[in-house]
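One structure is given here, and the rest of the page talks about it.
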2 protein chains.
Amino acid sequence: EHETVTGIAYSPDEAKITLRRVGDKPGVAANIFGSLAKASINVDMIVQNVSEDGNATDITFTISQTDSARTSEVLHNLRNEIGFSDLIADQNVTKISVIGVGMRSQPGVATTMFRTLGEKGINIEVISTSEIKVSVLIRSEYTELAVRALHTAYGLDSS
Amino acid sequence: EHETVTGIAYSPDEAKITLRRVGDKPGVAANIFGSLAKASINVDMIVQNVSEDGNATDITFTISQTDSARTSEVLHNLRNEIGFSDLIADQNVTKISVIGVGMRSQPGVATTMFRTLGEKGINIEVISTSEIKVSVLIRSEYTELAVRALHTAYGLDSS
Ligand SMILES: C[C@@H](O)[C@H](N)C(=O)O
Ligand SMILES: C[C@@H](O)[C@H](N)C(=O)O
């Protein structure tokens, strides 16, 4: 996997925002992220899973910690329109990414990341992937442990 | 945004698998994707959102439709170990991605995608993003409508 994985990136200065039970119908995501874009708030990762009941689902995204208060404000003003049940703002997360190439054809890369974190007792709270990046959110206190373990796991230790 | 977004990709031959209520504790993701890797099943996107109760959460991922039956089999054999409440296999999805560069600093790119789909009445079922790609899963029947509308929205129509 040396040739596949080129680096580990981490950003402890992100905050995560979870909107619980937003209406799962056309136009809701546009309304949420359109309002954030209008407020010049940069959004990094966005994760939405399948609705359980077909009516509502959760959306989680990350922003910089400095934008967290403003983000909550923008979204609370939208609450009647998009209808979420809760907004959870969480500053104590770190986004960790394994970066590489052609990872879709390398099923072991994501597994190695998950296994490495699991063996260190680090819980994976959010997952979002692409062919060149496997990103997770973990508690910030585990950042150093996670980054060191991942460097070792992917053979990136030696300079 | 012309310079930012370079193309629209879509893959209607994917199937999505959702595991409802897997144990949200270290090692579970490793077990799931380790077993799939061992069975040589290539996984494309993986999405996991924050657990609501701290005990369990859902994991959704996509694979090729031809691997769907085998995937269900592998995971059902793991059921006691990882403890999901339901496995939902869904062949009628298409993954649509807006591809570009430096999209984190372009809050409008994801918004344009969501707004374009919303205006066509297309529901966004799953979202997973990175700085170079905004990916969603929609019902396959909307594929052509979505792809055409997105090409127009990002000014990619003229050859
Ligand atoms: C929840 C949100 O993504 C909604 N399904 C939409 O299409 O906008
Ligand atoms: C659900 C799964 O991601 C679990 N939290 C783990 O760390 O493996």
Side-chain angles (χ1 to χ4, degrees), chain A residues 16 18 20 24-34 36-38 40-52 57-61 88 90 97 104-108 110-111 113-137, chain B residues 16 18 20 24-34 36-38 40-52 57-61 88 90 97 104-108 110-111 113-137:
Chain A
K16 88 163 144 61
T18 298
R20 292 287 186 205
D24 188 15
K25 50 194 203 298
V28 170
N31 210 344
I32 292 168
F33 295 99
L36 296 177
K38 198 148 148 256
S40 301
I41 293 166
N42 282 339
V43 171
D44 184 20
M45 84 201 276
I46 303 170
V47 166
Q48 172 191 316
N49 209 334
V50 182
S51 163
E52 199 148 4
T57 189
D58 301 339
I59 291 185
T60 292
F61 59 92
I88 303 155
D90 179 359
S97 303
R104 177 179 181 167
S105 50
Q106 302 270 351
T111 295
M113 182 186 205
F114 302 154
R115 200 167 267 157
T116 303
L117 297 175
E119 284 168 358
K120 295 296 182 191
I122 300 169
N123 195 44
I124 297 165
E125 304 183 8
V126 174
I127 301 172
S128 176
T129 67
S130 72
E131 291 92 347
I132 65 158
K133 210 189 224 203
V134 182
S135 294
V136 302
L137 295 181
Chain B
K16 89 162 143 61
T18 298
R20 293 287 186 206
D24 188 15
K25 51 193 203 297
V28 170
N31 210 344
I32 292 167
F33 295 97
L36 296 177
K38 197 150 149 252
S40 300
I41 292 167
N42 282 338
V43 171
D44 183 20
M45 84 201 275
I46 303 170
V47 166
Q48 172 190 315
N49 209 336
V50 182
S51 163
E52 198 147 5
T57 188
D58 300 340
I59 293 185
T60 292
F61 59 91
I88 304 154
D90 179 0
S97 304
R104 178 181 180 165
S105 50
Q106 303 269 354
T111 296
M113 180 185 206
F114 302 155
R115 201 168 266 156
T116 302
L117 297 174
E119 284 167 358
K120 295 296 183 191
I122 300 170
N123 195 43
I124 297 164
E125 304 183 9
V126 173
I127 300 171
S128 176
T129 68
S130 71
E131 292 92 349
I132 65 158
K133 210 188 223 203
V134 182
S135 295
V136 302
L137 296 181

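Chain letters run A, B, ... following the sequence lines, proteins first and then strands; every chain starts at 1.
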B:Thr129 and A:Met45: CA distance, side-chain angles, deciding distance, side-chain contact (heavy atoms from CB on, under 4.5 Å) verdict: CA-CA 5 Å; B:Thr129 68; A:Met45 84 201 276; 4.2 Å; yes

How far apart are the C-alpha atoms of A:Glu125 and B:Thr57, what are their side-chain angles, what is the distance that settles it, and do they pass the side-chain contact (heavy atoms from CB on, under 4.5 Å) test? CA-CA 9 Å; A:Glu125 304 183 8; B:Thr57 188; over 6 Å; no

Audit row: A:Lys133, B:Lys133, side-chain contact (heavy atoms from CB on, under 4.5 Å) steps and yes/no: CA-CA 10 Å; A:Lys133 210 189 224 203; B:Lys133 210 188 223 203; over 6 Å; no

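In terms of non-hydrogen atom pairs under 4.5 Å with chain A, the most contact-rich of B:Thr18, B:Thr116, B:Ile122 is B:Ile122. Between chain A and the residues B:Glu119, B:Gln48, B:Lys25, B:Lys38, the most heavy-atom pairs under 4.5 angstrom are made by B:Gln48. In terms of non-hydrogen atom pairs under 4.5 Å with chain A, the most contact-rich of B:Ile46, B:Asn31, B:Val126 is B:Ile46. Ranked by heavy-atom pairs under 4.5 Å with chain B, the first of A:Gly118, A:Ser128, A:Gly121 is A:Ser128.
Counting all heavy atoms, side chain and backbone alike, B:Val47 lies closest to A:Val47 at CG1-CG1, 3.6 Å. Summarising the geometry of B:Arg20 relative to A:Val50, their closest heavy-atom pair is NH1-O, 3.2 Å, with the distance given to 0.1 Å. Closest non-hydrogen pair, B:Ala30 versus A:Thr111, comes out as O-CG2, 4.3 Å.
Among A:Asn49, A:Thr60, A:Asp58, the single residue meeting the side-chain hydrogen bond (donor to acceptor under 3.5 Å, both in side chains) criterion with B:Asn49 is A:Thr60.
Two residues are said to be in side-chain contact when any heavy atoms from C-beta on lie closer than 4.5 Å; A:Ile132 and B:Ile132 meet this criterion. With a 4.5 Å cut-off on side-chain heavy atoms, A:Val134 and B:Phe33 do not count as touching.
Only the side chain of A:Ala110 comes within contact range of chain B, judged by heavy atoms closer than 4.5 Å. Only the side chain of B:Lys16 comes within contact range of chain A, with at least one heavy atom under 4.5 Å from a heavy atom of that chain.
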